[in-house]
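Everything on this sheet refers to the single structure shown next.
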Amino acid sequence: MYTTESTKYSARTDIGQTSRILVVEDEELIQEMLAVALEEEGYGVITAPDGRSAIEYLKSFETNSGEPPFDLVILDLMLPQINGLDICRLLRHQGNPVPILMLSAKGSETDRVLGLEVGADDYLTKPFSMRELVARCRALLRRQRLSNLPQLPVLKFKDVTLNPQECRVLVRGQEVNLSPKEFRLLELFMSYARRVWSREQLLDQVWGPDFVGDSKTVDVHIRWLREKLEQDPSHPEYIVTVRGFGYRFG
């Protein structure tokens with residue numbers, strides 16, 4: 001049984017972008033239904049019928065890339081040998097951040113709260129539809145990918161601070177409101193301080209290569225930015241015009 005499942009898993013992970021899911025479920029019919037539904041969505045699936053097998057997989061099953069072996073664990077609460085709550089506690093005690101979707105026939109508020117408190121990320125009560133389960137899996141995997149994105153650095157230049165994560169700009173300690181295009185312009189300028197940009201380069205970077213319109217729109221947005229950044233917009237210290245070439249920051 002495990003040899004067959006492992007073969008499926010290996011074949012799918014050769015694609016390179018397949019999310020890997022460990023399904024821990026002792027009811028054979030439910031286990032098979034989960035595996036089929038998830039594989040039809042393109043996920044790589046390994047199944048385990050009890051808690052001890054699940055722990056062994058989590059310890060020993062490694063990918064060639066050196067990454068954690070699974071991107072998501074679907075974990076039944078009531079399992080032979082070691083129950084789902086204890087597995088969840090163990091993973092979190094070990095610092096394993098893998099998302100956990102807990103399944104249970106126990107649907108009381110107390111049971112759901114307990115499952116979440118020991119470290120599960122979501123809780124689904126049996127019986128459930130496969131459509132809902134797949135949707136919850138997608139949401140957990142998407143959240144995990146977003147949490148793994150590198151944090152963009154806060155940009156600072158003199159009295160201007162730009163936080164890309166929060167889309168916030170402070171000028172001399174006061175928050176200023178920028179339009180999306182103004183924000184992208186400023187972020188580009190501050191990422192490459194003192195570099196000179198032509199209007200065409202700014203249009204390509206901020207408005208996109210498919211932009212159709214007058215390049216003077218750059219000048220309009222620069223004027224608006226100066227009004228929000230500069231103490232004296234007619235004598236700018238941040239966004240400076242380089243005659244015959246374009247603009248630079250600083």
Side-chain angles (χ1 to χ4, degrees), residues 1-15 17-39 41-108 110-128 130 133-134 136-145 147-148:
M1 176 179 175
Y2 288 111
T3 302
T4 303
E5 295 294 344
S6 297
T7 301
K8 289 182 181 178
Y9 176 89
S10 298
R12 289 183 178 275
T13 52
D14 286 341
I15 298 172
Q17 297 298 319
T18 302
S19 294
R20 301 150 297 186
I21 300 177
L22 175 63
V23 175
V24 190
E25 170 62 62
D26 62 319
E27 294 186 45
E28 189 172 348
L29 179 59
I30 296 178
Q31 180 192 111
E32 183 177 347
M33 291 172 62
L34 290 170
V36 170
L38 293 168
E39 286 177 345
E41 293 294 319
Y43 299 120
V45 179
I46 283 289
T47 59
D50 55 64
R52 194 173 301 281
S53 299
I55 290 174
E56 289 303 316
Y57 271 124
L58 288 161
K59 285 181 179 178
S60 62
F61 205 95
E62 297 179 355
T63 60
N64 294 330
S65 65
E67 298 176 349
F70 299 104
D71 301 292
L72 173 66
V73 175
I74 299 177
L75 184 61
D76 188 32
L77 180 63
M78 303 300 292
L79 291 168
Q81 300 180 12
I82 304 174
N83 66 45
L85 288 177
D86 287 338
I87 294 174
C88 195
R89 286 192 188 96
L90 177 63
L91 290 175
R92 296 310 184 226
H93 179 72
Q94 293 173 342
N96 191 326
V98 63
I100 297 173
L101 171 57
M102 188 165 284
L103 308 179
S104 177
K106 297 181 176 183
S108 72
T110 301
D111 292 315
R112 292 196 300 272
V113 169
L114 179 59
L116 296 172
E117 283 185 344
V118 299
D121 297 275
D122 200 357
Y123 191 104
L124 191 56
T125 304
K126 298 177 182 178
F128 51 81
M130 289 298 159
L133 178 129
V134 170
R136 288 175 183 255
C137 288
R138 284 201 199 104
L140 288 171
L141 290 166
R142 181 168 59 247
R143 192 185 310 163
Q144 181 75 348
R145 284 193 294 271
S147 69
N148 289 335

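These figures come from a predicted structure and were not determined experimentally.
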Measure the spacing between [atom1] of [X] and [atom2] of [Y] and express it to the nearest 0.5 Å.
X      : Y      : atom1 : atom2 : result
Leu91  : Leu58  : CG    : CG    : 5.5 Å
Met102 : Ile74  : CE    : CD1   : 12.5 Å
Leu77  : Arg112 : CG    : CZ    : 13.0 Å
Phe70  : Ile46  : CZ    : CD1   : 5.5 Å
Leu79  : Leu85  : CG    : CG    : 9.5 Å
Glu27  : Glu32  : CD    : CD    : 13.0 Å

Apply side-chain contact (heavy atoms from CB on, under 4.5 Å) to the pair Val98 and Leu22, showing each step before the final yes or no. CA-CA 10 Å; Val98 63; Leu22 175 63; over 6 Å; no
Between [X] and [Y], what is the shortest heavy-atom contact and its length?
X      : Y      : answer
Ala48  : Ser53  : CB-CB, 4.1 Å
Leu101 : Cys137 : CD2-SG, 4.1 Å
Asp50  : Pro80  : CB-O, 3.7 Å
Leu141 : Leu72  : CD2-CB, 3.9 Å
Tyr123 : Ser104 : OH-CB, 3.2 Å
Val118 : Arg92  : O-CG, 3.7 Å

Once side chain to side chain contact (heavy atoms under 4.5 Å, CB included) is applied, do any residues pair with Met33, and if so which ones, sequence neighbours excluded?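 Counting only residues at least two positions away or on another chain, Met33 forms a side chain to side chain contact (heavy atoms under 4.5 Å, CB included) with Leu29, Met130.
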For Gln81, which residues count as a side-chain hydrogen bond (donor to acceptor under 3.5 Å, both in side chains) partner, sequence neighbours excluded?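 Partners of Gln81 under the side-chain hydrogen bond (donor to acceptor under 3.5 Å, both in side chains) test: Arg52.
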Report the residues that fulfil side-chain hydrogen bond (donor to acceptor under 3.5 Å, both in side chains) with Asn83, sequence neighbours left out, ordered by chain and then residue number.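 Asn83: no side-chain hydrogen bond (donor to acceptor under 3.5 Å, both in side chains) contacts found.
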Worked check of side-chain contact (heavy atoms from CB on, under 4.5 Å) between Asp122 and Leu124: CA-CA 7 Å; Asp122 200 357; Leu124 191 56; over 6 Å; no
State, with a plain yes or no, whether a side-chain heavy atom of Asp76 is found less than 4.5 Å away from one of Ile30.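 With C-beta onward as the side chain, the pair stays apart.
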Going through the distances and angles, do Asp86 and Leu90 end up as a side-chain contact (heavy atoms from CB on, under 4.5 Å)? CA-CA 6 Å; Asp86 287 338; Leu90 177 63; over 6 Å; no
Walk me through whether Val73 and Ile87 qualify under side-chain contact (heavy atoms from CB on, under 4.5 Å). CA-CA 11 Å; Val73 175; Ile87 294 174; over 6 Å; no
Atom NZ of Lys126 with >12 non-hydrogen neighbours under 6.0 angstrom: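 Atom NZ in Lys126 is packed in, count exceeds 12.
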